[in-house]
Amino acid sequence: MTNSESPLIVAFGEMLIDFVPDTAGVSLAESTGFLKAPGGAPANVACAITKLGGKSAFVGKVGDDEFGHMLINILKKNGVNAEGVCVDTHARTALAFVTLRKDGEREFMFYRNPSADMLLKDSELNMPLIKQAKIFHYGSISLISEPCRSAHMAAMKAAKDAGIMLSYDPNVRLPLWPSADAAREGIKSIWNQADFIKVSDDEVQFLTQGDAEKDDVVLSLWHDNLKLLVVTDGEKGCRYYTKKFKGKVTGFSVKAVDTTGAGDAFVGSFLLSMAKDMSIFEDETKLKEALSFSNACGAICTTQKGAIPALPTQSAALELISKSKSKSMF
């Protein structure tokens, strides 16, 4: 399937600059240098899709500054349609300083007061572009403050009314919300709209305040409009829940350097599989195959610093799958 025939996936939300320390395992204060990496989960997802040969667009807002223009250029360089990106002349592009722990996990410090992405208005939405999508994907950071929250709601409603599949990855970033309760409430305020939801095991624990390993805890997040709920368990792989079946798909063991963007690589690759063949919600064999491919994409993304530069190609993901298959045969 060539890019032009591929169904369009539109990702909505924030795009920003991540400053990643050049050495892992040191605090922000101890760090002597930072690598500038484009980030923002929805934008990473859009880039993950095109890197795998799919067709995507990003809708959001950046500042009229060097960083903002750099981000628009990165989208274009990665083959992402940027017609839905607005530029704000008064606000800066958001920045995040990321601390990398020794195990590749990270902590964030954000500069958004307010940043351009928070100031996207519903009147600035490129509705014709949104309505061309087969899947409309979003997170929860765009729900934190107005006017962006209203723009998010309007875009979601337009997509839903047009019969477009809604995909939600809350991507919990606690420091950005006024409180943990506000985060839970905000994230859950649009929960029942989505057709597909992906959450990490940590997010299950945060949202339910229960044990994420237990099926009944995970299923407390189920709602009747859902076609599929996926819980990612890091290197262990993922779990899936549909109306008819549930199960586990094993992950891939790699040497993790930086987990930034791994969830986005997972989501982007899965949305691409879903856009090409919606029957995967009904067909467990196809679903497991797609999720295994997504696990491989997420794993590869952790082997390199930064999110977008570390996004895998299809051949790299297939190579990891066949390598681990041949290992397990011996």
Side-chain angles (χ1 to χ4, degrees), residues 13-48 51 60 62-75 77-78 91-118 139-141 144-145 169-180 183 200-203 206 232 234-235 253-268 297-312:
E14 69 287 348
M15 188 174 194
L16 58 141
I17 306 278
D18 284 336
F19 285 95
V20 186
D22 54 10
T23 21
V26 294
S27 69
L28 288 179
E30 290 162 347
S31 184
T32 51
F34 294 89
L35 301 165
K36 188 178 72 196
N44 293 344
V45 168
C47 291
K51 189 92 179 259
V62 293
D64 188 8
D65 48 42
E66 282 209 26
F67 287 147
H69 293 291
M70 175 192 123
L71 290 175
I72 292 172
N73 285 333
I74 283 167
L75 287 173
K77 251 191 224 141
N78 280 276
R92 293 268 187 236
T93 302
L95 308 178
F97 284 84
V98 185
T99 317
L100 281 184
R101 299 206 309 253
K102 287 245 188 317
D103 61 359
E105 283 299 335
R106 64 255 133 104
E107 288 155 8
F108 296 88
M109 181 165 84
F110 292 94
Y111 283 72
R112 298 169 91 227
N113 56 340
S115 53
D117 58 287
M118 301 159 74
S140 69
I141 290 172
I144 297 173
S145 50
D169 177 358
N171 252 305
V172 177
R173 296 284 177 267
L174 266 186
L176 295 178
W177 292 87
S179 68
S200 69
D201 48 358
D202 292 347
E203 288 165 342
F206 171 71
T232 52
E235 64 208 24
S253 172
V254 291
K255 190 182 179 332
V257 179
D258 175 11
T259 57
T260 311
D264 306 324
F266 178 96
V267 170
C297 289
I300 290 167
C301 192
T302 68
T303 60
Q304 200 182 322
K305 276 198 184 126
I308 293 172
L311 293 168

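All residue numbers in this chain count up from 1 along the given sequence.
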Checklist entry - Please walk me through it: do Phe67 and Lys36 pass side-chain contact (heavy atoms from CB on, under 4.5 Å)? => result CA-CA 10 Å; Phe67 287 147; Lys36 188 178 72 196; 3.5 Å; yes

Next on the checklist: Closer than 4.0 angstrom, basic N to acidic O: yes or no for Arg112 and Asp117?
Outcome noted: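 Between Asp117 and Arg112 there is a salt bridge, with a charged N closer than 4.0 Å to a carboxylate O.
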
Next on the checklist: Glu14 and side-chain contact (heavy atoms from CB on, under 4.5 Å): which single residue from Thr93, Ile144, Ile141, Leu176 fits?
Outcome noted: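 Answer to the side-chain contact (heavy atoms from CB on, under 4.5 Å) test with Glu14 among Thr93, Ile144, Ile141, Leu176: Ile141.
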
Checklist entry - Which class fits the ring pair Phe97 and Tyr111: parallel under 30°, tilted 30 to 60°, perpendicular over 60°? => result perpendicular

For [X] and [Y], work out which heavy atoms get closest and say how close.
{"X": "Phe108", "Y": "Pro175", "value": "O-CG, 4.3 Å"}
{"X": "Ala265", "Y": "Ala48", "value": "CA-CB, 4.1 Å"}
{"X": "Thr23", "Y": "Val26", "value": "O-CG2, 3.5 Å"}
{"X": "Asp65", "Y": "Ala91", "value": "OD2-O, 4.4 Å"}
{"X": "Asp18", "Y": "Gly39", "value": "OD2-CA, 3.8 Å"}
{"X": "Gly268", "Y": "Val45", "value": "CA-CG1, 3.9 Å"}

Item to check | Residues Asp258, Thr260; criterion side-chain hydrogen bond (donor to acceptor under 3.5 Å, both in side chains); working and verdict | outcome: CA-CA 6 Å; Asp258 175 11; Thr260 311; 2.6 Å; yes

For the atom pair [atom1] ([X]) and [atom2] ([Y]), what is the distance rounded to the nearest 0.5 Å?
{"X": "Ser179", "Y": "Leu174", "atom1": "OG", "atom2": "CG", "result": "9.0 Å"}
{"X": "Met109", "Y": "Ser27", "atom1": "CE", "atom2": "OG", "result": "10.0 Å"}
{"X": "Met118", "Y": "Ser145", "atom1": "CE", "atom2": "OG", "result": "3.5 Å"}
{"X": "Cys301", "Y": "Phe266", "atom1": "SG", "atom2": "CZ", "result": "13.0 Å"}
{"X": "Ile308", "Y": "Leu75", "atom1": "CD1", "atom2": "CG", "result": "6.5 Å"}

[X] side chain to [Y] backbone, donor-acceptor under 3.5 Å:
{"X": "Lys51", "Y": "Leu311", "result": "yes"}
{"X": "Lys305", "Y": "Ala310", "result": "no"}
{"X": "Thr232", "Y": "Gly234", "result": "no"}
{"X": "Thr302", "Y": "Thr259", "result": "no"}

Checklist entry - Please walk me through it: do Met70 and Ile17 pass side-chain contact (heavy atoms from CB on, under 4.5 Å)? => result CA-CA 10 Å; Met70 175 192 123; Ile17 306 278; 3.5 Å; yes

Checklist entry - Given Leu95 and Phe110, is the side-chain contact (heavy atoms from CB on, under 4.5 Å) satisfied, shown in steps? => result CA-CA 6 Å; Leu95 308 178; Phe110 292 94; over 6 Å; no

Checklist entry - Side chains of Gln304 and Val257: does their closest heavy-atom pair fall under 4.5 Å? => result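 Answer no - side chains too far apart.
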
Item to check | Residue pairs, two or more places apart or on separate chains, that pass salt bridge (charged side-chain N to carboxylate O under 4.0 Å, His left out) and touch residues 169-180 | outcome: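 Of all non-adjacent pairs touching residues 169-180, those that pass salt bridge (charged side-chain N to carboxylate O under 4.0 Å, His left out) are Asp169-Lys198.
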
Item to check | Worked verdict on Arg92 versus Asp64 for side-chain contact (heavy atoms from CB on, under 4.5 Å) | outcome: CA-CA 7 Å; Arg92 293 268 187 236; Asp64 188 8; over 6 Å; no

